[in-house]
Number of protein chains: 2
Amino acid sequence: MTLRNAVMATLLEGEASGYDLAKGFNASVANFWTATPQQLYRELDRMEREGLVTARVVRQDRRPDKRLFSLTDAGHDALRAHLAAPITRPTAIRDGLLVKVQCADIADPTPVQADITAHMDWSRDKLARYERLRERLLAGRTEDEFLAGADRVGPYLTLLRGIAFEEENLRWGELALRVLAARSS
Amino acid sequence: MTLRNAVMATLLEGEASGYDLAKGFNASVANFWTATPQQLYRELDRMEREGLVTARVVRQDRRPDKRLFSLTDAGHDALRAHLAAPITRPTAIRDGLLVKVQCADIADPTPVQADITAHMDWSRDKLARYERLRERLLAGRTEDEFLAGADRVGPYLTLLRGIAFEEENLRWGELALRVLAARSS
DNA sequence: CACACCTATTCAACTTGTTGAGTAAGGAGC
DNA sequence: GCTCCTTACTCAACAAGTTGAATAGGTGTG
């Protein structure tokens, strides 16, 4: 029931196809709400049936048709109702890497180190994309100018959280690699 | 299939009942893998059937009996096999608060501010518990002494990640509150 | 010019995760 | 002595999330 809200939050940026949402979920919302393509297509269908979004089919030349979804007034209302609702539950994280690190001591750490390295690569990629998005949002303004004057600050605030998260992943990854290397030598 | 691994990682610390796991999941693993009580009871039953854990019933005086689970050799092997398996998929986060902040601009920010404040309170609580756990693990040693010499560093490394995460939540929460307050005035 | 990958979506089957209620006994506070 | 909280679980029903495959034309690489 909350994937809906994440989808509607994304559609505030403008219309999007299921496919658009699927790959990157607009790159910014994906940072705090993940979903598979099937989940999104299914949810968009339901939301259309309930009148929260409308679809318009766009015929394309050298590509399959696509259905671009946008928020209806009812969708806007539903989002506002969600915002007004009292409390959101605590963050749910599921991080398989940390599960591995938690028990890294019971076996050869080499594969865990490889895993940490792979995750750090992903973090670097994400950071690069986030920084590009940030430049685009700022559009030449300083952060203070932007925060004081922009129409919408929500996407920027969540972006900052995402950047901090990935930066912390990198810092922690370096520490973890250092510690595991020192012990296995 | 990975709740299993999180449960086994926790049982490395020693035997535990479903109830123990349910409240706090050992307080440290809970930080990167959440699960409801029902999920844990169900999974523990399955794992017992598959021989990954064994249960022993402990009769108690003024409390209901409990079943304490511990890892079997097969469980240890399964954990080691998991550690050796190549790559763990990227972290899945689902943070309803960030969804709200993402669209905070379309309505009165007051309830969102309340939500941020509530989350910051939770973060402070978690941080306090993490810091106590940290003191207990260090047992008087400095961090460097501990990391060089301790039997197991995994739980400490994941704890550090949890601490950094909650500290970042607080820093970000303060910023978000400041920005939203400045705009609504 | 074969092979793999990208866009764009759908269908079906499955596994996980969530919600709510129920049981049963002890202890704490008013 | 009434109510609520805590320990310790179980059952059932449902919602959400995952996996795998199918379709179908287009683009890019060796």
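Bear in mind the structure is a predicted one, so any value in this text is a computation, not a measurement.
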Visitor: Nearest whole Å is fine: how far is C:dA8 P from A:Leu68 CG?
Guide: 9 Å

Visitor: Of the options D:dA8, C:dG17, D:dT10, whose atoms approach the side-chain atoms of B:Gln38 most closely?
Guide: D:dT10

Visitor: Between the side chains of A:Glu13 and A:Arg152, is the shortest nitrogen-to-carboxylate-oxygen separation below 4.0 Å, so that they form an ion pair?
Guide: yes

Visitor: So, is A:Arg89 near the phosphate of C:dT19, with a side-chain N or O under 4.0 Å from OP1 or OP2?
Guide: yes

Visitor: Any Lys/Arg nitrogen of B:Glu131 or B:Arg134 sitting under 4.0 Å from an Asp/Glu carboxylate oxygen of the other?
Guide: yes

Visitor: With no hydrogens and no angle check, do the side chains of A:Arg161 and B:Asn169 hold a donor and an acceptor under 3.5 Å apart?
Guide: yes

Visitor: Does B:Gln60 make a side-chain N or O approach to OP1 or OP2 of D:dT7 shorter than 4.0 Å?
Guide: no

Visitor: Between the base of C:dG17 and the side chain of B:Arg42, is there a donor-acceptor distance below 3.5 Å?
Guide: yes

Visitor: Taking atom P of C:dG17 as reference, at what distance in whole Å does atom CG of A:Leu3 sit?
Guide: 16 Å

Visitor: Could you tell me whether the side chain of A:Gln39 has a donor or acceptor atom within less than 3.5 Å of a complementary atom in the base of D:dT18?
Guide: no

Visitor: Are any of B:Tyr19's side-chain N or O atoms less than 4.0 Å away from OP1 or OP2 of D:dT7?
Guide: yes

Visitor: Please state how far atom CG in A:Asp20 lies from atom P in C:dT7, giving the value in whole angstrom units.
Guide: 10 Å

Visitor: B:Ile93 CD1 to D:dG17 C1': how many Å, rounded?
Guide: 17 Å

Visitor: Could you check B:Phe69 against B:Ala92 and say which one's nearest nucleotide on DNA chain D is further toward the 5' end?
Guide: B:Phe69

Visitor: Find the distance B:Asp45:CG to D:dC11:C1' and express it as a whole number of Å.
Guide: 12 Å

Visitor: Which whole-number value in Å describes the distance from A:Asp65 CG to D:dA24 P?
Guide: 14 Å

Visitor: C:dT16, OP1 or OP2 - any side-chain N/O from B:Arg46 closer than 4.0 Å?
Guide: yes

Visitor: Counting only distance, no hydrogens or angles, is the base of C:dT16 paired donor-acceptor with the side chain of B:Glu43 under 3.5 Å?
Guide: no

Visitor: Can you find a side chain N or O atom of B:Ser17 that sits less than 4.0 Å from OP1 or OP2 on D:dC9?
Guide: yes

Visitor: Round to a whole Å and report the spacing from CG of B:Leu40 to C1' of C:dT16.
Guide: 12 Å

Visitor: Verify whether one side chain among B:Asp20 and B:Ser17 offers a donor that lies under 3.5 Å from an acceptor in the other.
Guide: yes

Visitor: For C:dG17 and A:Arg94 - does any side-chain N or O of the residue sit under 4.0 Å from the phosphate oxygens OP1/OP2?
Guide: yes

Visitor: Tell me which one of A:Met47, A:Gln39, A:Arg46 satisfies side chain to side chain contact (heavy atoms under 4.5 Å, CB included) with A:Leu3.
Guide: A:Gln39

Visitor: Starting from P on C:dC5, measure out to NZ on A:Lys23 and report it in whole angstrom.
Guide: 17 Å

Visitor: Is there a side-chain contact between A:Tyr41 and the phosphate of C:dT9, meaning an N or O under 4.0 Å from OP1 or OP2?
Guide: yes

